[in-house]
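Below, all heavy atoms of this structure are taken into account, side chains as well, without hydrogens, waters or symmetry copies.
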Amino acid sequence: MSEEQPIAPVDDPLGILRTAHWVVTGARAVAIDPAGVERVAGQIATREIAPPAWDRTLHWIGQPDATANYVLALDALNFSFWGEPRWVVSYQGERYNGYWALAASLTRALNQGVPLDDAAFLAEIDAARLGEILAGEHPIPLLEERAANLREVGRVLLARYGGLFSRAIAASGPSAVGLVELVVRDFPSFRDVANYHGVEVRFYKRAQILVSDLYGAFAGTGLGAFPDIGRLTAFADYKVPQVLEHLGVLVYTPALAERIARLEELPAGGAGEVEIRAATICSIERLRRALANRGRRLAAFEIDWALWSLGQQLPGSARPYHRTRTIFY
């Protein structure tokens, strides 16, 4: 369906761009509009864009080892917040949904003495206990799967890293690419890959965002110092493609657009869902290069952050995001 072949990746140590490029080249339901890429790049090039500051009200900060464990637990749970009625958490007089509800609920629990930074506690947590920690208006989706992810985190940390994620960070180099590779190897719940016509397509959304969150939590120093963080790709979820489609960068066939508009759930690993995620990664890589051609050098994760933030403020007229129930985003 693409009007133009996607730009072939150059710096792709994780193999994410390569497989996304392959998907988009043969995609039938999703296309990237080159004119849309250039238009949006022109708009971004003149704006001040900086990664959002790590919110220290909604995110918990402790001693470095504890904070690293907390960020790992946070991103083990960072997926699939959509649905009606929305899961909402009240914290310090404010109401939050989605990711911010997750951050608020974990900080609330840690401030109440719940040891979410303790690998031994995580290794034994069950859905009932996690439900108490995440208590809010209406249930959060996939509670059993979230508890299983935390148990995996705790057990792997205890078995391989003496209970400390900081040791895994040290073992990675430290390197952003190395840590993503370590996480998807040792923590299967982060191993975000799809099979598209017999080819393994890598996304690694939560593993990559884990590294970027460590970078944010530690302000790029200490346990968050990753000299190669610019080698990460976009984090393919459901909010960023919604923004890209709204801006005219992604174009869906009428059939796919209608399925999304009527809130039909797209199966995880299905052709339409894989093509949306792959096109998201390739679109942001194209934007990165178009910006560089304009003298504006931003890393893919910085563009992703900017688009995700914009996605929190889309007008009511924007088309909905695609629905896929999965632990990966």
What pairs meet the ring-ring contact (aromatic ring centres under 6.0 Å, His included) rule with one or both residues in residues 162-202, with sequence neighbours excluded?
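Qualifying pairs: W22-Y196.
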Is there a side-chain contact between [X] and [Y], using heavy atoms and a 4.5 Å cut-off?
| X | Y | value |
| --- | --- | --- |
| R108 | V89 | yes |
| S189 | E145 | no |
| L72 | L210 | yes |
| T19 | V193 | no |
| V183 | Y204 | no |
| F226 | L232 | no |
| I281 | E285 | no |
| L298 | L287 | no |

Using side-chain hydrogen bond (donor to acceptor under 3.5 Å, both in side chains) as the criterion, list what pairs up with [X], not counting sequence neighbours.
| X | result |
| --- | --- |
| Q112 | none |
| R231 | D11 |
| R39 | none |

Among residues at least two apart in sequence or on other chains, which ones pass ring-ring contact (aromatic ring centres under 6.0 Å, His included) with [X]?
| X | result |
| --- | --- |
| F328 | none |
| Y91 | none |
| H59 | W54, Y99, W100 |
| Y321 | Y238 |

Output the distance between atom [atom1] ([X]) and atom [atom2] ([Y]), rounded to the nearest 0.5 Å.
| X | Y | atom1 | atom2 | answer |
| --- | --- | --- | --- | --- |
| D33 | L250 | CG | CG | 9.5 Å |
| L314 | K239 | CG | NZ | 5.5 Å |
| L74 | L106 | CG | CG | 6.0 Å |
| L110 | T67 | CG | OG1 | 9.5 Å |
| D237 | I276 | CG | CD1 | 11.5 Å |

Would you say the side-chain atoms of [X] pair up with the backbone N or O of [Y], donor to acceptor, closer than 3.5 Å?
| X | Y | answer |
| --- | --- | --- |
| R18 | P13 | no |
| E275 | A29 | yes |
| R277 | G272 | no |
| R296 | L291 | no |
| R288 | A300 | no |
| N69 | D117 | yes |

What are the two closest non-hydrogen atoms of [X] and [Y], and how far apart are they?
| X | Y | value |
| --- | --- | --- |
| Y96 | A104 | CD1-CB, 4.1 Å |
| S90 | R95 | OG-CG, 3.7 Å |
| A290 | V37 | CB-CG1, 4.3 Å |
| I133 | L116 | CD1-CD2, 4.0 Å |
| T280 | A236 | CG2-CA, 4.5 Å |
| V274 | A194 | CG2-CB, 3.8 Å |

Out of R289, R294, R286, which one pairs with E38 under the salt bridge (Lys or Arg N to Asp or Glu O under 4.0 Å) rule?
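Passing option: R294.
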State whether the number of non-hydrogen atoms from other residues, nucleotides or ligands found under 6.0 Å of [X] atom [atom1] is greater than 12.
| X | atom1 | value |
| --- | --- | --- |
| E137 | CD | yes |
| R297 | CZ | no |
| Q43 | CD | yes |

Only pairs at least two apart or in different chains count here, so list each salt bridge (Lys or Arg N to Asp or Glu O under 4.0 Å) that has a residue in residues 305-324.
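Salt bridge (Lys or Arg N to Asp or Glu O under 4.0 Å) check on residues 305-324 returns E245-R319.
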Enumerate the residue pairs fulfilling salt bridge (Lys or Arg N to Asp or Glu O under 4.0 Å) with a member in residues 195-209, sequence neighbours excluded, ordered by first and then second residue.
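Sorted result for residues 195-209: E200-R202.
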Side-chain heavy atoms nearer than 4.5 Å, only ILVMFWY residues, links allowed to pass through others: does that put [X] and [Y] together?
| X | Y | result |
| --- | --- | --- |
| L143 | Y329 | yes |
| L164 | L122 | no |
| V199 | L17 | yes |
| L150 | L158 | no |

V71 and side chain to side chain contact (heavy atoms under 4.5 Å, CB included): which partner among I61, D213, V211?
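Option passing the side chain to side chain contact (heavy atoms under 4.5 Å, CB included) with V71: D213.
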Listing, residues 172-180 side-chain donor-acceptor contacts under 3.5 Å, not counting sequence neighbours, or none:
| from | atom 1 | to | atom 2 | distance (Å) |
| --- | --- | --- | --- | --- |
| S172 | OG | I169 | O | 2.6 |
| S172 | OG | S175 | N | 3.3 |
| S175 | OG | V177 | N | 3.3 |
| S175 | OG | G178 | N | 2.9 |
| S175 | OG | D228 | OD2 | 2.6 |

Per-pair distances, 0.1 Å, donor-acceptor, side chain in residues 78-86, under 3.5 Å, sequence neighbours excluded:
| from | atom 1 | to | atom 2 | distance (Å) |
| --- | --- | --- | --- | --- |
| N78 | ND2 | D75 | OD1 | 3.0 |
| S80 | OG | R325 | NH1 | 2.7 |
| W82 | NE1 | T324 | O | 3.2 |

